[in-house]
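First up is the structure itself, then whatever we jot down about it.
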Amino acid sequence: MMPKVLVLEDDKPVAQMVADWLRREHYVVDVTHDGLEAMDFLKESTYDLLILDLSVPGKDGIEVCNLYRRNGGHSPILMLTGRDRIDQRVLGLDAGADDYLTKPFDLRELASRVKALLRRPPMATTRVMTLGDIELDPDSHSVRKGGIEVELFPKEYAILELLMRNPNQVFSPETLLSRLWATDDNATIDALRQTILRLRRKLEQEGDKPLIRTIRGVGYRIET
């Protein structure tokens with residue numbers, strides 16, 4: 001499943017560098033440079049990871065972290081700061097951050113921290129998932145049908161992976177949009193329907209059992 005990450009960083013070149021790397025690694029990314037806007041993002045979407053700069057306008061990273069935890073947020077938080085002071089690290093960790101990275105940093109170190117915070121049990125990340133003659137390999141980010149690789153657009157892949165990881169569970173259109181699209185994409189339910197339609201056309205052949213079932217008025221699911 002494509003993790004969704006919120007990046008709060010007021011240094012725009014740094015924010016762009018972090019966001020570009022995350023997107024290359026198939027993450028869904030929202031970026032903001034203001035702590036108040038970050039709180040709005042957190043009200044609208046669910047994130048798998050928060051990357052918060054300590055010193056930003058509006059509310060600083062510690063305030064955002066503290067409010068997120070107090071409101072029941074449990075996703076891991078990586079705090080960024082240009083200040084290498086022990087007391088600032090303690091404040092961040094006390095507010096609920098899981099890890100701390102001092103700027104400037106090497107992208108390889110950021111990558112290591114992010115992957116560690118998002119690490120899943122080995123069976124969840126290395127096992128090829130199968131459904132009939134469809135195989136989805138999260139490691140290679142590839143899908144095969146009948147042994148032949150099928151090229152999917154990123155959102156098509158993301159929908160398929162989410163549904164295959166949660167068989168028989170119904171996801172509403174609103175949940176899929178919130179979970180798999182960046183907030184600033186302005187995606188619509190019609191865009192979601194079109195994406196699912198393309199996915200069905202690529203993976204369903206005449207006579208096949210329907211891959212994704214539409215539960216009218218509720219949402220979509222894959223049945224085992």
Side-chain angles (χ1 to χ4, degrees), residues 1-35 37-38 41-42 45-57 60-62 64-65 68-69 73-129 136-143 152-155 157-158 161-162 165 179-185:
M1 184 169 55
M2 295 170 67
K4 190 168 186 177
V5 181
L6 176 64
V7 177
L8 170 61
E9 169 61 72
D10 68 336
D11 186 324
K12 292 184 179 180
V14 172
Q16 189 64 53
M17 176 186 70
V18 172
D20 286 347
W21 175 81
L22 289 168
R23 289 173 180 136
R24 285 196 300 271
E25 295 296 310
H26 307 294
Y27 298 109
V28 177
V29 186
D30 281 334
V31 178
T32 178
H33 312 296
D34 178 274
E37 187 177 49
F41 275 110
L42 291 168
S45 292
T46 300
Y47 295 93
D48 299 288
L49 173 70
L50 281 61
I51 300 178
L52 307 178
D53 183 31
L54 186 64
S55 301
V56 292
D60 65 29
I62 289 177
V64 172
C65 178
Y68 176 70
R69 294 297 190 219
H74 55 77
S75 295
I77 295 174
L78 175 62
M79 196 75 77
L80 305 179
T81 182
R83 288 173 286 185
D84 194 28
R85 292 172 50 190
I86 296 297
D87 58 340
Q88 294 296 332
R89 296 188 183 196
V90 170
L91 283 174
L93 294 171
D94 283 349
D98 298 277
D99 200 359
Y100 217 97
L101 191 57
T102 303
K103 297 185 289 185
F105 52 82
D106 190 294
L107 263 180
R108 291 171 296 182
E109 184 175 7
L110 175 72
S112 176
R113 302 289 184 94
V114 167
K115 289 175 180 177
L117 289 171
L118 288 172
R119 188 170 293 128
R120 300 170 187 154
M123 292 299 287
T125 58
T126 59
R127 175 180 290 176
V128 174
M129 292 181 285
L136 186 148
D137 186 343
D139 286 343
S140 63
H141 213 70
S142 63
V143 174
L152 300 182
F153 290 116
K155 288 297 185 292
Y157 177 92
E161 184 182 9
L162 178 61
R165 284 191 182 279
R179 189 70 185 78
L180 302 175
W181 267 260
T183 301
D184 59 2
D185 278 349

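It should be emphasised that the depicted structure is a prediction, and the values quoted were computed from it without experimental measurement. We use all heavy atoms of the structure for the numbers below, so side chains are in, but hydrogens, waters and symmetry mates are not.
- Side-chain contact between Leu42 and Leu50 is present, with heavy atoms from C-beta onward closer than 4.5 Å.
- Across every non-hydrogen atom of Pro57 and Asp10, the tightest pair is CD-CB, 3.8 Å.
- Few gaps surround CZ on Phe105; more than 12 heavy atoms of other groups in view lie less than 6.0 Å from it.
- Two residues are said to be in side-chain contact when any heavy atoms from C-beta on lie closer than 4.5 Å; Glu25 and Lys115 meet this criterion.
- Looking only at side-chain heavy atoms (C-beta outward), Val64 and Leu8 come within less than 4.5 Å of each other.
- Looking only at side-chain heavy atoms (C-beta outward), Leu101 and Leu110 come within less than 4.5 Å of each other.
- Defined by atom type and a distance below 3.5 Å, a donor-acceptor pair is present between the side-chain atoms of Tyr47 and Asp30.
- Taken to the nearest 0.5 Å, the NE2 atom of His141 stands 9.0 Å off from the CG atom of Leu152.
- Considering every non-hydrogen atom in both Leu6 and Thr32, the closest pair reads CD1-CG2, 4.2 Å.
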Worksheet item: Should Asp34 and Val56 be marked as a side chain to side chain contact (heavy atoms under 4.5 Å, CB included) after you check the CA-CA gap, both sets of side-chain angles, and the distance that decides it?
Response: CA-CA 6 Å; Asp34 178 274; Val56 292; over 6 Å; no

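- Counting only heavy atoms from C-beta outward, the side chains of Pro13 and Asp11 approach each other to under 4.5 Å.
- Residues Thr46 and Lys4 have side chains that never bring a donor and an acceptor to within less than 3.5 angstrom of each other.
- In terms of the side-chain hydrogen bond (donor to acceptor under 3.5 Å, both in side chains) criterion, residue partners of Tyr68 (sequence neighbours excluded) are, by chain and number, Ser75.
- With respect to Arg113 and Asp98, no salt bridge is recorded, no charged nitrogen being found less than 4.0 Å from a carboxylate O.
- Contact between Cys65 and Gly96 at its shortest, heavy atoms only, is SG-C, 3.6 Å.
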Discussion item. Using the rule given for side chain to side chain contact (heavy atoms under 4.5 Å, CB included), can you reason through Lys103 versus Thr81, listing the C-alpha separation, both sets of side-chain angles and the distance that settles it, and then say yes or no?
Written reply: CA-CA 6 Å; Lys103 297 185 289 185; Thr81 182; 5.7 Å; no

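- Smallest separation of non-hydrogen atoms from Leu80 and Asp53: O-OD1, 3.0 Å.
- Distance check: Trp21 CH2 to Met17 CE gives 11.0 Å after rounding to the nearest 0.5 Å.
- Contact of the Tyr100 side chain with the Leu78 side chain is not registered, since no non-hydrogen atoms from C-beta on lie closer than 4.5 Å.
- Between Asp137 and Tyr157, the closest heavy-atom pair is O-OH, 3.7 Å.
- If you take OH on Tyr27 and CG on Leu49, they are separated by 8.0 Å, rounding to the nearest 0.5 Å.
- Minimum heavy-atom separation, Ala97 to Met79: CB-CE, 4.0 Å.
- Contact of the Ile62 side chain with the Leu54 side chain is registered, since non-hydrogen atoms from C-beta on lie closer than 4.5 Å.
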Worksheet item: Between Glu37 and Val31, does a side chain to side chain contact (heavy atoms under 4.5 Å, CB included) hold up when you go through it step by step?
Response: CA-CA 10 Å; Glu37 187 177 49; Val31 178; over 6 Å; no

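- The closest side-chain heavy-atom distance from Leu22 to Ile51 is below 4.5 Å.
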